[in-house]
Amino acid sequence: MELRDAMRSTGAVREFTDEAVADGTVYEILDDARFAPSGGNRQGWRAVVVRDPQVRLGLRDLYLPGWDEYLAMGRAGLVAWAPVTDREAEAEALRDAGAGKRGAFAERLHEVPVLIVLLADLRALAAPDRDLGRYTLTGGASIYPFAWNILLAARDRGLGGVMTTMLTRQEAQVRALLDIPDEYAVAAALALGHPVRRPTKLRRAAVENFTTLDRFDGPEFTA
């Protein structure tokens, strides 16, 4: 499909049919995704395609605690784990973790047609903000374009998917479950499959809402 159409129609898909996705298709998706940019072209990603039912179930069990926390903070009107936030309000919200409905995606994560755990080689990431004394962000620029390419490549093949970072909440346990070396961090998990329904109208802020000219408080940038 046309790149512009793919960029404007690749929404998060969390509901999949029971139709399987062939290994050859998954390979093709990863083969296209590998052309993502990365710092120094070091390609510091590692992908683990998880098929073993027991390992999948283990990942689902590790996913649910973080999902419960995420939902609890959302119910309290908080952005979950925001680097700048009200920690007291967050702690209060977390007392309610597990009280609400989880939804089918979290409960059935182990049943998605394709489950990929994405790892980042910490030795390969250029992170110039590492020593600023605040939340470090820039290292992800060498990993997440690869994840986005996976989603675009899946979209091009009529599939849908979503990237979720919830498993990072239980990184030590995920590391043990998948035999991940210490030099690698859990960056995300990607679920792919044939969508039950595809988003038809993605909602995003207009360019003028997030782009200014010359300064942060400068005038809106317009065409």
Side-chain angles (χ1 to χ4, degrees), residues 1-60 62-63 105 108-127 138-168 170-171 174-175 177-196 198-199:
M1 62 187 308
E2 292 293 329
L3 175 61
R4 185 171 185 269
D5 293 336
M7 292 171 65
R8 287 172 170 257
S9 64
T10 306
V13 173
R14 297 180 177 86
E15 292 183 85
F16 308 102
T17 70
D18 293 332
E19 184 177 353
V21 178
D23 284 350
T25 301
V26 177
Y27 184 94
E28 289 175 358
I29 288 170
L30 294 169
D31 193 37
D32 286 344
R34 67 192 173 96
F35 288 94
S38 61
N41 195 29
R42 283 180 288 274
Q43 303 162 57
W45 49 74
R46 180 77 176 235
V48 180
V49 179
V50 184
R51 288 195 296 195
D52 185 291
Q54 291 305 310
V55 178
R56 281 170 158 255
L57 190 59
L59 290 173
R60 191 284 308 266
L62 292 173
Y63 187 91
F105 176 74
R108 301 178 62 184
L109 180 66
H110 58 299
E111 298 176 1
V112 300
V114 180
L115 182 59
I116 301 172
V117 176
L118 177 60
L119 309 176
D121 186 346
L122 298 177
R123 300 164 299 183
L125 303 186
T138 55
S142 290
I143 299 298
Y144 294 117
F146 174 69
W148 178 235
N149 264 13
I150 290 175
L151 294 174
L152 286 176
R155 175 74 179 92
D156 189 49
R157 290 163 174 81
L159 302 175
V162 68
M163 180 183 74
T164 174
T165 55
M166 209 62 64
L167 283 172
T168 63
Q170 308 289 336
E171 184 175 77
V174 174
R175 191 187 301 281
L177 183 64
L178 301 183
D179 296 324
I180 300 169
D182 291 342
E183 295 83 7
Y184 287 83
V186 177
L190 292 111
L192 306 175
H194 294 273
V196 171
R198 186 175 296 284

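Computed over heavy atoms, backbone and side chain alike; hydrogens, waters and symmetry mates excluded.
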Check your understanding: How about M163 and L190: do any of their side-chain heavy atoms sit closer than 4.5 Å?
Key -> yes

Exercise for review: List in chain and number order the residues that pass salt bridge (charged side-chain N to carboxylate O under 4.0 Å, His left out) with R46, two or more places apart in sequence or in another chain; answer none if no residue qualifies.
Suggested key: none

Point to revise | With sequence neighbours excluded, residues passing ring-ring contact (aromatic ring centres under 6.0 Å, His included) with F16 | key: none

Review point. Which residues pass the salt bridge (charged side-chain N to carboxylate O under 4.0 Å, His left out) test with R4, sequence neighbours left out?
Key: none

Point to revise | Side chain to side chain, Y184 and R123, heavy atoms closer than 4.5 Å | key: yes

Exercise for review: Heavy atoms only: give me the nearest I143-A187 pair and the separation to one decimal.
Suggested key: CG2-CB, 4.0 Å

**Study point:** Single hit among V174, L115, L119, I180 for side chain to side chain contact (heavy atoms under 4.5 Å, CB included) with V48
**Key:** L119

Exercise for review: Quick one: which residue pairs count as a side chain to side chain donor-acceptor pair (under 3.5 Å) with a foot in residues 147-158, not counting sequence neighbours?
Suggested key: S9-R155, E28-R157, D32-R157

Exercise for review: Please assess D121 against R42 for the test salt bridge (Lys or Arg N to Asp or Glu O under 4.0 Å), listing each intermediate value before the final yes or no.
Suggested key: CA-CA 10 Å; D121 186 346; R42 283 180 288 274; over 6 Å; no

Review point. Is it true that atom CZ of R8 has more than 12 heavy atoms of other residues, nucleotides or ligands lying nearer than 6.0 Å?
Key: no

**Study point:** All side-chain contact (heavy atoms from CB on, under 4.5 Å) counterparts of A12, not counting sequence neighbours
**Key:** R14, V162

Check your understanding: Quick check: are there more than 12 heavy atoms from other residues, nucleotides or ligands sitting under 6.0 Å from CG of D52?
Key -> yes

Check your understanding: More than 12 non-hydrogen atoms from neighbouring residues, nucleotides or ligands closer than 6.0 Å to CE on M7, yes or no?
Key -> no

Exercise for review: Enumerate the residue pairs fulfilling ring-ring contact (aromatic ring centres under 6.0 Å, His included) with a member in residues 27-59, sequence neighbours excluded, ordered by first and then second residue.
Suggested key: W45-F146

Study note, to complete from the structure: For T168 and V186, the nearest pair of non-hydrogen atoms, with its separation, is CG2-O, 3.0 Å

Review point. Taking all atoms of both residues into account, what is the closest heavy-atom pair of G161 and L151, and its distance?
Key: C-CD2, 3.7 Å

